[in-house]
Structure formats: C-alpha cells, structure tokens
Protein chains: 2
Amino acid sequence: MQSAALQAALWEIWSNFTQALTPIGHIAQPNTAVAMATDSPITLRVFSLNCWGIRYRSPHCSLRYHMIAELLASEKHDVVLLQEVWSEQDYLFLKKQLICTHPHSHYFKSGVIGSGLAVFSKHNLQDSFLYRYSLNGYPYMAHHGDWFGGKAVGLVIFNVCGLTAHVYVTHLHAEYCRDKDSYLPHRVVQAWELQQFVRHTSRGADLVILGGDLNMHPQDLGTRLLLTYTGLRDCYAETEQFDGCEEGRTLIAENPFTDKKELIPFEKGIRIDYIFFKGSSRVCVKCKLFSTTKGSVPGKPFPYSDHEALSAELLLLPQQTVDPNGAELHSCDTDALAELVDTVTEARTEVKVGLHCAERMRHTSARTGLLGLVLLMLELAIGVVPWLTPGTQQPFPQASFYLLGVLCLATLLSALLLYIFYCTQVKALQAAEDQMHLAVGGLQEKLHGRPLGRPGDPYYEALAFSQPMPLDPEE
Amino acid sequence: MQSAALQAALWEIWSNFTQALTPIGHIAQPNTAVAMATDSPITLRVFSLNCWGIRYRSPHCSLRYHMIAELLASEKHDVVLLQEVWSEQDYLFLKKQLICTHPHSHYFKSGVIGSGLAVFSKHNLQDSFLYRYSLNGYPYMAHHGDWFGGKAVGLVIFNVCGLTAHVYVTHLHAEYCRDKDSYLPHRVVQAWELQQFVRHTSRGADLVILGGDLNMHPQDLGTRLLLTYTGLRDCYAETEQFDGCEEGRTLIAENPFTDKKELIPFEKGIRIDYIFFKGSSRVCVKCKLFSTTKGSVPGKPFPYSDHEALSAELLLLPQQTVDPNGAELHSCDTDALAELVDTVTEARTEVKVGLHCAERMRHTSARTGLLGLVLLMLELAIGVVPWLTPGTQQPFPQASFYLLGVLCLATLLSALLLYIFYCTQVKALQAAEDQMHLAVGGLQEKLHGRPLGRPGDPYYEALAFSQPMPLDPEE
C-alpha cells in the first residue's frame with residue numbers, strides 16, 4: 001500500500017498543477033477538460049462507520065472516538081465516511097487527530113442537531129453539497145430522535161490522479177420494528193430521493209462512491225430501488241477478497257453494544273451498512289478487498305461502535321479510449337428495465353400507503369383541533385354568563401373550569417401544529433409519488449419504445465396505478 | 001413559428017424512436033449515447049410568469065387563470081414555467097385547458113401549501129427533481145406566508161431534437177423591505193443553494209434554462225452569485241431583439257395590481273423575474289427575441305398578474321464537433337475567478353450576519369423558556385402551599401392565578417418551539433457558510449495555482465475569513 005499511496009500523492013500534486021491551468025469551476029467538464037494523469041491502476045481505500053456518537057448516552061463515547069481516531073490515523077484510508085457523529089465537538093476532535101493523515105474534511109450540518117455525517121479525506125475537497133430528505137420521522141416521537149437529526153445525503157467532490165470522484169455519505173431513518181414499520185414509507189421516499197440525488201449530481205463523475213448506514217437489508221425495496229436506478233454496485237457482492245462477518249453483517253449479535261432483542265428474528269445479525277461504487281466510460285472500477293470489523297477489537301476492551309466498520313479497497317483502471325457504448329451498457333437490457341419499472345411501482349405503492357396514513361392523520365388533527373375550538377368556545381360562553389347576568393353563580397368549581405380551559409387550548413394548539421406538520425408530510429409524499437409516476441412513464445416509454453398516452457388514456461392509467469405492471473399490454 | 005414547431009415535432013418523434021433503442025436511464029450519457037438528430041438551428045420558446053394565484057385573496061384569480069390558459073394555448077411555447085400557482089385546483093384547471101398544446105406537465109409539491117411551481121411542456125418530460133431550500137422565512141410571520149409555501153427549485157428534463165434540456169423553475173423568498181431586509185440572509189442562502197443545485201445537476205445537459213421569480217434585482221448579491229457561479233446568461237441582457245417594459249422591469253407602476261408604495265424608491269418599477277440560459281460544447285444558444293407584457297392586456301380588463309410575463313425565443317445551434325476547450329472556456333479568465341471569489345466572500349459575510357441574528361434569537365428563546373419554566377415552578381409551589389398546610393388560604397385571586405399559569409405554560413411551549421426552529425436555522429446557515437468556506441478555498445486554489453494551507457495556517461485563515469480577499473498575498 002505504501003507505494004500506491006506515494007504514487008497517489010505524486011499524482012495529486014500533478015493534478016493540482018494541471019487543475020490550476022483550468023480557469024474556472026463551472027466550465028471544467030470533468031470528462032474533457034482535465035487530462036487523465038495516469039493509465040496505471042490506482043488504488044483507492046474507502047472506510048465507512050456509524051460511530052453511534054450520542055454524547056452522554058452511548059457507552060464509552062469519548063473513548064471510542066479515541067479508538068476510531070487511532071484506527072483512521074494508522075490505516076490512512078483515502079476517504080472516510082462517518083455517520084452519527086452527532087456532536088460537532090467530536091468532529092473537531094477527529095479533525096484535530098487526523099490533521100496529518102486526512103487534512104481535508106467536511107461536516108454536514110442540518111436539522112436541529114445536525115445530520116451526523118462527516119467526511120475525512122486525504123485528497124483536497126473541491127466542492128460539497130447537501131440534500132435534506134423531505135421526510136424523516138415525526139418530531140413527537142422524540143425518543144426515536146430521527147426527526148431532530150435532519151437526515152440527509154452529503155456529497156463531496158475531489159480529484160484523485162486526474163479522475164473526478166463524487167463521494168456520497170448518508171444515513172437513512174432507523175427501523176425500530178420490522179413487522180409494523182410505520183417509518184417504511186419515509187425510508188422508501190428517502191431511498192427514492194437518494195437515488196435521484198446520486199443520479200442527477202453524478203453525471204460528470206469518473207468515479208462514484210456511496211457509503212453509509214441505509215438501515216435497510218440488501219433485499220429491501222429501498223436498496224433495490226437505489227441500486228437498480230443508479231447502477232451502483234455493492235462492494236460486498238463484488239469483492240474479489242472478503243474478510244469480515246458472515247454474509248457481510250454490520251449489526252451482529254457478537255457486538256456487546258448490540259441489543260439482542262432488537263435483532264430478532266435475525267439472531268445472527270443484519271447487514272444495513274454499505275459501500276457502493278460505480279465507474280464510468282473513463283475508468284473501470286473493481287473491488288479488490290472488502291472487510292468488516294468482527295464485533296471486538298484486538299487489544300481493546302470494546303468495539304468501535306454498535307455497528308461494524310466497513311473498509312473497501314477499490315482498484316481504478318483508467319481507460320484510454322472513451323467508449324460511448326462502454327462496459328456498463330452491455331449489462332443493461334430489457335429485463336433490467338422491466339425490473340426497474342416493477343421496483344418503482346412497488347415503491348409507489350408503499351408511498352401511497354404512507355400518503356393514506358398521513359392524510360388520515362391530517363384529518364384527525366383537523367377534527368381534534370375543531371373539537372378543541374368548540375369546547376373552548378363553550379367554556380368561554382359559560383365563563384361569560386356570570387358577567388352578563390349579575391347574581392348568577394358560576395356553575396362549575398373554578399379550578400376544574402380553568403383546568404378544562406387550559407386543556408382545550410392545549411388541544412387546539414397541538415392539533416394546529418400537528419395539522420401543519422401533516423400537511424408538509426402529505427405534500428412530500430405526494431411529491432415523491434408524482435415523481436415516481438413520471439419516472440414509471442419514462443421507463444415504460446423506453447421499454448416499449450413509444451411515448452405513453454396522456455392522462456385519461458386507459459393504458460396510461462393502468463401503467464401508472466396498477467401493480468404488477470402490465471408489461472405486455474394487448475393494446 | 002409553424003414550420004419550426006412542425007420540425008420540432010418531427011424530431012421529437014425521431015428522438016423518441018432513437019431513445020427507445022437506448023436501454024436504461026442511468027447509463028445514457030447525454031453527451032455520447034444519443035446521436036444529435038439535427039445540425040440545423042432549432043427554435044425553443046420559453047415562457048415564465050408569477051401567476052399571483054392566492055385563491056380568495058388575489059383579485060380576479062379565477063378570471064386571470066382563464067386569461068393565462070388562453071394565452072398559453074394560443075402562443076404554444078415549448079416550455080412554460082409558472083410560479084405562485086398555490087392551488088392544485090388551478091394547476092389542474094390549466095392542465096386540462098392545455099392538454100392539446102402542452103400535454104406534459106409537472107406540479108412541484110412542497111412545504112405546507114406547496115411550492116407554487118408548475119411546468120407545462122410540449123416535449124415529453126423524462127425526469128423531475130425538487131430541491132427545497134433549507135431556509136425560507138419564519139413560520140410566525142404568517143402574514144408574509146413564505147415559510148408555508150416551501151420555496152424550492154424544480155428541475156425537469158426533456159429531449160428536444162436529440163438535445164437534453166435541463167429546465168429549472170424557482171421562486172425565492174420575497175423582499176418586503178429593502179432597507180431593513182431581515183430575509184436577506186435567507187435569500188442569499190437560497191441563491192447559494194440554487195447555484196449549487198444547477199451546477200451539480202446540469203453536468204450532462206446540452207442546454208440549461210432557469211426561469212422564475214428570484215425576488216432579487218439584477219445587481220443584487222444573489223443574482224451575481226448565481227450568474228457568476230453557473231455561467232448562466234440573462235435573456236434580457238443578451239437578446240438580439242427586445243420588446244417589453246423599459247429596462248426589462250417585471251414589477252411596474254403601470255400594472256393596476258401593483259402596490260405603488262411597495263415600489264418606493266423604484267417608482268418606475270423593478271426587474272425581479274428572469275429567464276436565464278446556457279448552452280454546452282454540443283450546442284450554442286442565442287436569445288433571438290425577449291419580451292415582457294406591459295402592464296395591461298389588449299382587449300382585457302386587467303393584466304395576467306401583478307408581475308409581468310416573460311417570453312424568450314432561443315436559437316439552438318448544434319455543433320458538429322465537440323470541442324473540449326469550447327467557446328465558454330475562452331470567456332473565463334482570472335478576473336472572472338477573482339470576481340467569483342469576491343462574490344462568494346460577500347455572500348459569506350451576509351450569511352454570517354444572518355447566523356449571528358439566528359444565534360441571538362436562539363439564545364433569547366432559551367432564556368425566555370427558562371423564565372417561563374421558573375415562573376411555572378413558582379406558581380406550582382404557591383399552588384401547593386394551601387394543600388400542604390390546611391387552613392392556609394390561597395394568597396392570590398384564583399382567576400389571576402390560573403391565568404398566570406396558562407401564560408407561563410404558553411411562554412414555555414412557544415419558547416421551546418422557537419428554540420427548535422432557531423436551531424434548524426442556525427444549522428442551515430452554518431451549513432451554507434461551511435460550503436462557501438470550502439468553495440472559496442477551491443476557487444483560491446484555482447486562482448493561485450496551488451492548494452491552500454490547512455486550517456490554522458495564517459494565510460488560509462486570512463483567505464477564509466477576511467474581506468476583501470487578499471488576492472495577492474505577500475507569502
């Protein structure tokens with residue numbers, strides 16, 4: 001690895017020099033403007049870990065950050081993607097500790113507490129961008145805390161040996177109960193927005209890497225949606241050499257921090273953290289080595305986190321000739337497209353379920369608010385009686401009368417706030433559903449080679465609303 | 001126009017056919033995969049209007065929508081960008097009216113009410129994406145209403161004669177008082193996020209169009225930030241032929257719906273609505289004709305809106321050879337880069353002012369909440385006394401006692417909500433400031449041709465925090 005690191009460092013200097021000759025940001029088309037600095041393979045090492053950094057709540061938080069800093073400083077990965085770095089102080093601690101090995105870093109701020117996302121890099125970060133998911137749990141579920149975290153996907157762009165790398169880090173909403181998962185539509189919408197963000201912002205990239213805690217199993221709808229749509233590939237599935245937990249699990253029973261009850265019915269553990277990658281027509285990417293920690297750290301009293309850390313060694317093989325019908329194209333066919341249509345349709349159904357729920361909650365809030373208002377009016381009317389007709393006594397004990405008034409007011413205000421909140425939820429779910437509708441139309445058009453009919457056309461409606469999709473209509 | 005429309009329709013069919021041969025979305029690199037269908041000039045007509053569609057509040061709302069639909073159906077623009085279509089019913093009305101001329105449309109939903117953004121297109125929309133701005137006014141300023149609107153930028157992608165067009169529509173936070181504009185940091189952050197969104201999502205585009213109500217004058221910081229960073233060009237400034245209000249104004253004194261007092265000190269009016277465009281190495285774009293309405297509509301009793309409508313005729317000249325050092329590059333030099341650094345630094349200062357304000361408000365909320373809590377505790381203590389020591393009388397009249405309790409509780413809750421709200425504001429402003437910091441570093445690196453030092457390095461700190469920027473340091 002040392003020679004590869006030296007090589008990378010030399011090319012970094014060279015690419016900084018060539019970059020300096022390119023005058024301005026928005027016009028530097030990565031595919032054309034910057035000459036590729038090397039044709040020999042480049043090794044890029046990526047690390048991802050959910051740090052479980054809830055100060056004063058996660059056990060041994062400070063000590064674990066010391067261990068993480070030690071690991072990162074010794075392993076010297078090219079890029080480090082961290083999640084759940086909830087405290088900025090902890091980020092600053094890591095930044096200080098890694099100033100020699102990873103001089104470049106970015107901390108993504110969002111929501112009430114922050115997104116918890118941080119990136120450390122050996123390579124100079126050229127640009128960053130953050131996308132906050134439109135749906136992220138409920139503020140009144142304060143014990144779950146996701147809403148306060150402002151979950152998002154962060155993008156940093158850097159240059160490695162003349163290649164433009166777009167690196168994404170994300171953390172999706174947690175799954176608290178798999179059987180009755182009220183957050184499922186939220187996570188599906190987050191996965192949808194994640195794939196949209198990656199697709200739309202990675203067009204100029206030579207290399208795409210996405211790492212983080214998706215809180216979804218490999219076969220879950222959201223994971224399939226993300227992978228099928230973006231063409232990203234799973235390091236665990238593609239690696240030439242693997243060293244880590246069985247089936248690549250990242251939340252395992254052996255980890256002393258894991259709550260065994262939460263893993264049921266997956267006694268051995270689950271895989272919810274990932275590193276994905278994708279090359280381009282300019283560079284072919286292979287995963288040489290993929291590893292996970294295994295619950296304990298040799299010589300240390302406890303693991304780095306309740307999640308296992310992931311580490312991938314990617315081999316970048318620059319391609320001399322830019323082939324517009326490059327390797328990726330050949331792997332895609334009608335079957336893949338049909339699968340994508342099915343996945344989006346499945347996601348749309350899930351979003352519709354969520355929409356139905358949110359609309360019902362909005363109605364309930366409105367009705368409760370109205371009830372509170374009527375009761376408050378009634379109270380006021382009763383309160384006014386003794387003032388209007390002197391001599392009449394207040395029929396209720398004063399204490400209960402005022403207490404009832406406070407309760408009515410509290411009900412009215414809470415219902416109003418909930419109503420506003422559910423309005424935003426409904427809008428966000430509708431927006432995702434509309435976009436999926438449009439996407440299914442576009443995909444079907446590609447699949448059948450002709451534009452879809454207009455809304456109102458029975459075939460169009462069938463495509464847009466039915467499931468499974470009528471991939472071979474009689475029409 | 002008829003022959004151009006026919007030509008466009010024919011090429012649309014042809015490009016749909018060629019597209020059908022390309023199997024899947026994520027691998028179709030627009031610059032390479034789809035062959036350009038024509039080398040002859042293509043005309044693309046774009047329309048933008050802030051519809052002022054506040055139901056039951058904007059005068060003649062329904063009648064104006066009828067007029068707008070009539071105009072659009074007769075003018076048959078390629079793409080129509082509408083803002084302030086606050087009611088979905090009005091969008092559906094327009095959709096129904098324009099089903100023959102503009103069969104493809106998208107309505108962007110966001111926030112509590114919606115984003116008010118709608119796109120109608122003659123061309124089949126392939127994809128859509130929405131980015132909600134992280135800052136957008138204050139919910140307690142309900143009479144301004146911007147917070148409830150969920151301001152955003154919407155992107156739709158379509159294919160016109162084999163060229164991939166990325167069309168953006170947006171509406172930024174209104175300016176209510178130019179002298180003491182408490183929303184200025186919000187609008188600057190929105191402009192920052194807008195340029196980020198456009199830059200990062202338009203990489204694969206042959207043609208970029210952005211239209212909407214920016215609520216910023218042409219020389220305002222946000223407009224400069226947007227144009228310098230993205231390389232977008234202003235139709236009004238670049239058009240060969242112009243027909244409209246003097247200086248391209250879009251909020252004019254002649255419009256009977258405009259509040260003359262609001263225009264002071266710009267008696268004649270202001271220009272806050274825009275259509276911007278940008279070509280690529282594959283297509284050269286020129287603005288042939290740009291026009292605005294002039295306050296009144298011939299034969300109608302009132303104008304379409306309180307804003308003037310914009311209409312641009314763009315000429316697309318496909319270029320046979322893809323020149324990596326294309327036309328755009330030549331227009332950029334060190335001066336442009338230095339100007340960009342200055343603009344971002346100015347924006348950063350503005351964001352810092354906003355951050356300071358938000359932090360102060362967060363402190364105030366925290367203090368007020370604490371006061372409410374202490375008072376409530378005191379009240380409870382007083383209330384408990386008669387229960388603990390029988391025979392003691394309640395020292396206060398019961399009515400005032402309970403009223404005070406309600407007030408304390410209300411103060412506590414409001415302060416808590418405000419505190420949470422200002423935490424999100426602080427995070428969003430910090431996020432924008434961090435990104436600007438990173439961007440200035442990257443730009444300076446390009447300008448000086450060498451990487452910046454690490455944090456702690458005096459030159460680095462000077463670059464990052466001073467204003468004006470030391471463009472020629474002694475070091």
Side-chain angles (χ1 to χ4, degrees), chain A residues 16 19-20 23-27 29 32-33 99 103 106 108-112 114 124-132 134 150 196 199-201 203-204 229-231 281 324 328-329 332-334 336-337 398 402 406 409 420 423-424 427 430-431 434-435 438-439 442-443 446 449-451 454, chain B residues 16 19-20 23-27 29 32-33 99 103 106 108-112 114 124-132 134 150 196 199-201 203-204 229-231 281 324 328-329 332-334 336-337 398 402 406 409 420 423-424 427 430-431 434-435 438-439 442-443 446 449-451 454:
Chain A
N16 277 329
Q19 252 195 2
I24 203 161
H26 68 267
I27 35 76
Q29 291 285 342
T32 49
I99 197 81
H106 195 77
F108 292 99
K109 288 163 189 159
S110 141
V112 185
N124 189 19
L125 302 180
Q126 294 172 349
D127 214 337
S128 68
F129 191 27
L130 182 76
Y131 181 88
R132 274 160 300 275
S134 60
Q196 277 192 316
R199 258 190 323 123
H200 288 294
T201 58
R203 279 207 178 89
Y229 233 127
T230 57
S281 57
E328 273 186 282
L329 270 173
C332 302
D333 53 16
T334 316
L337 200 58
Q398 273 203 323
Y402 286 112
V406 173
L409 196 69
I420 291 174
C423 279
T424 65
K427 287 284 171 202
Q430 282 177 341
D434 286 353
Q435 287 165 4
L438 190 67
L443 291 170
K446 273 182 191 150
R450 64 171 191 74
R454 292 167 191 169
Chain B
N16 278 329
Q19 253 193 3
I24 203 160
H26 69 267
I27 35 77
Q29 292 285 342
T32 48
I99 197 80
H106 195 76
F108 291 99
K109 288 163 189 160
S110 143
V112 184
N124 189 19
L125 303 180
Q126 293 172 350
D127 214 337
S128 68
F129 191 28
L130 182 77
Y131 181 88
R132 275 160 299 276
S134 60
Q196 278 191 315
R199 256 188 326 122
H200 288 293
T201 58
R203 278 207 179 88
Y229 233 127
T230 56
S281 56
E328 274 187 281
L329 269 175
C332 302
D333 53 17
T334 315
L337 200 57
Q398 274 203 324
Y402 286 112
V406 173
L409 196 70
I420 291 174
C423 279
T424 65
K427 287 283 172 206
Q430 282 177 340
D434 286 352
Q435 286 165 3
L438 190 69
L443 291 171
K446 273 183 193 148
R450 64 173 190 76
R454 290 164 191 169

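Chain letters run A, B, ... following the sequence lines, proteins first, then strands; residues in each count from 1. Predicted model, so just to flag it, every value in this text is computed and none were measured.
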Is it the side chain or the backbone of S134(A) that comes within 4.5 Å of chain B heavy atoms, both, or neither? both
Would a 4.5 Å heavy-atom cut-off, applied to side chains only, mark F108(B) and K427(A) as touching? no
Restricting to non-hydrogen atoms, name the atom on F129(B) and the atom on H200(A) that form the minimum distance, rounded to 0.1 Å. CD2-CD2, 3.7 Å
Donor-acceptor contact below 3.5 Å, side chain Q196(A) vs main chain S128(B): yes
Roughly how far, to the nearest 0.5 Å, is CG of L438(A) from NE2 of H106(B)? 6.0 Å
Distance, nearest 0.5 Å, that separates CG of L443(A) from CD of Q126(B): 10.5 Å
Looking at L409(A), L130(A), D127(A), D434(A), which makes the most heavy-atom pairs under 4.5 Å with chain B? D127(A)
Which heavy atom in R203(B) sits nearest to a heavy atom in T201(A), and how many Å separate them? NH1-O, 4.0 Å
